[in-house]
Chemist: 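Take this structure first; my questions come after.
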Amino acid sequence: MSTIEISGLHKSFGALEVLRGIDLSVEAGEVVCVIGPSGSGKSTLLRCVNLLEEPTSGTIRVAGTEVTDPDCDIDAVRRGIGMVFQQFNLFGHLTVRENVTIAQRRVLRRSRAEAERVATANLSRVGLLDKAGAYPAQLSGGQQQRVAIARALAMDPQLMLFDEPTSALDPELVGEVLAVMRGLAAEGMTMLVVTHEMAFAREVAHRVVFMDGGVVVEQGPPAEVFGSPREERTRTFLHRVLEPARVSENEIGVQRKE
C-alpha cells in the first residue's frame, strides 16, 4: 500500500485552477522531490495532502485513509504527518526545548518527562541539543529550521512533507538543513519534498516529479529526469535553472569579448 495516493486532484482559487488533475503516489520509505517553476502548483499540492488546502475535487489517501472523505478524522491523520514550511513558525517566547515539547504534551498527551526525553533525542538528531535552552531569536535561520524539523520528528510521523524548507535561508545555511534531510532519507523516512535544490533532488530522491501549469509534466528517477528528460518543457526548465547565467546572457544579448 502506498503511503500517499492522489487521484484526479483539482484545486481552484476562484476562477484560477491551480491543480488540474494530479495523479501521484508515494511508497513507504520513498523520497519524492517535486520541482518546477514558481506558480506551478507544487506547494498547493503538498498542502492538499494534509488538507491545509481543501481540494476542489479528487481523492487523497494517506496510509490507507481517505483524507478527502468528509467523515475523515483529519486531526488523527495529521498526527502521523510531519510538515516543515518555508518559514520556521517557532514560538518566539518559548525555548527550543519548549518548542519541541509543546505539541507532544498537548496533542499526544505525553508527560513532561517523556516529551523532554523525545525532544532531547530529536534535538540530538538535528545537531542542536546544545541550543535546547536558547530562544528562536538567538538562532540562525538554518538552526531555526532544524528545530522545526526536530519538532515535527518529535511527533513520530510516518510521513514528512517539506515545502521549500531552504528557500528562506541564506545560501551558506542551506547545507546544514539539507544534511539533516539526507539523514532522514538514509533512515528510510517517507518524504515528499517541494524544493528548488536540484543537487539535493538529484542525490537523495528516489523519484523526481516535474510540475508546470498545475499538472505533472514528467516524473522518473533523478538520473533520467535530469540526464535525459523526455519533455521539452522539462528540458527548458532545467536549462534555465542549472545554467542561469548562460540563459540570461542569451536573452539580453550580452556580447562576450574575444
Chemist: Do Arg97 and Thr120 have side-chain heavy atoms sitting under 4.5 Å apart?
Modeler: yes
Chemist: Ignoring hydrogens, what is the shortest heavy-atom contact between Leu153 and Pro157? Give both atom names and the distance.
Modeler: O-CD, 3.5 Å
Chemist: Keeping to residues at least two apart or across chains, list the salt bridge (charged side-chain N to carboxylate O under 4.0 Å, His left out) pairs with something in residues 126-144.
Modeler: none
Chemist: Restricting to side chain to side chain donor-acceptor pair (under 3.5 Å), what partner residues turn up for Thr195, sequence neighbours left out?
Modeler: none
Chemist: Could you tell me which residues satisfy side chain to side chain donor-acceptor pair (under 3.5 Å) with Asp156, sequence neighbours excluded, listed by chain and number?
Modeler: Arg110
Chemist: Between Cys72 and Thr65, which heavy-atom pair has the shortest distance, and what is it?
Modeler: SG-CG2, 3.9 Å
Chemist: Let me see the working for Leu24 and Leu45 under side chain to side chain contact (heavy atoms under 4.5 Å, CB included), right down to the final yes or no.
Modeler: CA-CA 10 Å; Leu24 183 68; Leu45 168 64; 4.1 Å; yes
Chemist: Where the side chain of Asp69 meets the backbone of Asp71, is there a donor-acceptor pair that is under 3.5 Å apart?
Modeler: yes
Chemist: Got a sec, which residues hit side chain to side chain contact (heavy atoms under 4.5 Å, CB included) with Tyr135, two or more places apart in sequence or on another chain?
Modeler: Thr95, Gln138
Chemist: So, Lys42 side chain and Ile35 main chain: donor-acceptor pair closer than 3.5 Å or not?
Modeler: no
Chemist: Who passes ring pair (Phe, Tyr, Trp, His ring centres under 6.0 Å) against Phe200, sequence neighbours left out?
Modeler: none
Chemist: How would you list, by chain and number, every residue that makes a ring pair (Phe, Tyr, Trp, His ring centres under 6.0 Å) with Phe162, sequence neighbours excluded?
Modeler: none
Chemist: Are there more than 12 heavy atoms of other residues, nucleotides or ligands under 6.0 Å from atom CD of Glu187?
Modeler: yes
Chemist: Roughly how far apart are Ile81 CD1 and Ile4 CD1, rounded to 0.5 Å?
Modeler: 7.0 Å
Chemist: Hydrophobic clusters here meaning ILVMFWY residues chained together by side-chain heavy-atom distances under 4.5 Å, can you tell me if Leu46 and Leu159 are in one?
Modeler: yes
Chemist: How far does OG1 of Thr190 sit from CG of Leu184, to the nearest 0.5 angstrom?
Modeler: 11.0 Å
Chemist: Would a distance-only check, ignoring hydrogens and angles, find a side-chain to backbone donor-acceptor pair under 3.5 Å from Arg235 to Arg230?
Modeler: yes
Chemist: Once side chain to side chain contact (heavy atoms under 4.5 Å, CB included) is applied, do any residues pair with Leu242, and if so which ones, sequence neighbours excluded?
Modeler: Met198, Arg202, Leu238
Chemist: Whether the Arg61 and Thr68 side chains hold a donor-acceptor pair (N or O, under 3.5 Å, no angle test) is what I'd like checked.
Modeler: no
Chemist: Does Phe88 offer a backbone N or O that forms a donor-acceptor pair with the side chain of Gln144 under 3.5 Å?
Modeler: no
Chemist: Let me confirm one number: the CD-CG distance from Glu164 to Leu169, rounded to the nearest 0.5 Å.
Modeler: 11.5 Å
Chemist: List, by chain and number, the other hydrophobic cluster members for Val118, where Ile, Leu, Val, Met, Phe, Trp and Tyr join if side-chain heavy atoms come within less than 4.5 Å, directly or indirectly.
Modeler: none
Chemist: How long is the gap from CD on Glu53 to NZ on Lys11, to the nearest 0.5 Å?
Modeler: 5.0 Å
Chemist: Can you name the nearest heavy-atom pair linking Ser140 to Glu176, along with the distance?
Modeler: OG-OE2, 4.1 Å
Chemist: Give a yes or no answer on whether the side chain of Gln158 reaches the backbone of Gly80 with a donor-acceptor pair at less than 3.5 Å.
Modeler: no
Chemist: Please report the C-alpha distance between Phe237 and Met211 in whole Å, then the side-chain angles of each, then the deciding distance to 0.1 Å, and finally whether the side chain to side chain contact (heavy atoms under 4.5 Å, CB included) criterion is met.
Modeler: CA-CA 10 Å; Phe237 170 77; Met211 285 184 63; over 6 Å; no
Chemist: What are the two closest non-hydrogen atoms of Asp23 and Ser7, and how far apart are they?
Modeler: OD1-CA, 3.2 Å
Chemist: Is Leu90 reachable from Leu129 through a run of I, L, V, M, F, W or Y residues, each pair having side-chain heavy atoms under 4.5 Å apart?
Modeler: yes
Chemist: Which value, rounded to the nearest 0.5 Å, describes the distance between Arg112 atom CZ and Glu114 atom CD?
Modeler: 13.5 Å
Chemist: Identify which one of Ser12, Cys48, Ser57 satisfies the side-chain contact (heavy atoms from CB on, under 4.5 Å) criterion when paired with Leu19.
Modeler: Cys48
Chemist: Could you tell me whether the side chain of Glu224 and the main chain of Pro221 form a donor-acceptor pair under 3.5 Å?
Modeler: no
Chemist: Between Val225 and Val204, is there a shared hydrophobic cluster once you connect ILVMFWY residues whose side-chain heavy atoms come closer than 4.5 Å?
Modeler: no
Chemist: Does anything in residues 78-91 form a side-chain hydrogen bond (donor to acceptor under 3.5 Å, both in side chains)? List the pairs, not counting sequence neighbours.
Modeler: Gln86-Ser167
Chemist: Check Thr234 against Pro229 and note the closest heavy-atom contact, atom names and distance.
Modeler: CG2-CB, 3.7 Å
Chemist: For Gln145 and Thr166, run side chain to side chain contact (heavy atoms under 4.5 Å, CB included): C-alpha distance rounded to whole Å, both residues' side-chain angles, the deciding distance at 0.1 Å, then the answer.
Modeler: CA-CA 8 Å; Gln145 192 63 294; Thr166 60; over 6 Å; no
Chemist: If every non-hydrogen atom of Thr101 is compared with every non-hydrogen atom of Ala119, which pair is closest and at what distance?
Modeler: CG2-CB, 3.6 Å
Chemist: Is there a path of hydrophobic side-chain contacts, each under 4.5 Å between heavy atoms, that joins Phe85 and Leu51?
Modeler: yes
Chemist: Applying side chain to side chain contact (heavy atoms under 4.5 Å, CB included), name anything that partners Val180, two or more places apart in sequence or on another chain.
Modeler: Val126, Arg146, Ile149
Chemist: Is it the case that one hydrophobic cluster holds both Leu128 and Val96, taking links as side-chain heavy atoms less than 4.5 Å apart, direct or via other members?
Modeler: yes
Chemist: Are Asn50 and Met83 packed together at the side-chain level, in the sense that at least one heavy-atom pair is separated by less than 4.5 angstrom?
Modeler: yes
Chemist: Enumerate the side-chain hydrogen bond (donor to acceptor under 3.5 Å, both in side chains) contacts for residues 205-217, please, sequence neighbours excluded, ordered by first and then second residue.
Modeler: Glu30-Arg207, Arg207-Gln219, Asp212-Arg233
Chemist: Exactly one of Ile74, Val26, Val49, Ile6 should register a side-chain contact (heavy atoms from CB on, under 4.5 Å) with Val62. Which one does?
Modeler: Val49
Chemist: Under the side chain to side chain contact (heavy atoms under 4.5 Å, CB included) rule, what do Glu203 and Arg182 come out as? Steps first, then yes or no, please.
Modeler: CA-CA 9 Å; Glu203 174 190 348; Arg182 285 189 186 92; 3.1 Å; yes
Chemist: Cluster partners of Leu108, using ILVMFWY side-chain heavy atoms under 4.5 angstrom, listed by chain and number?
Modeler: Val107, Met155
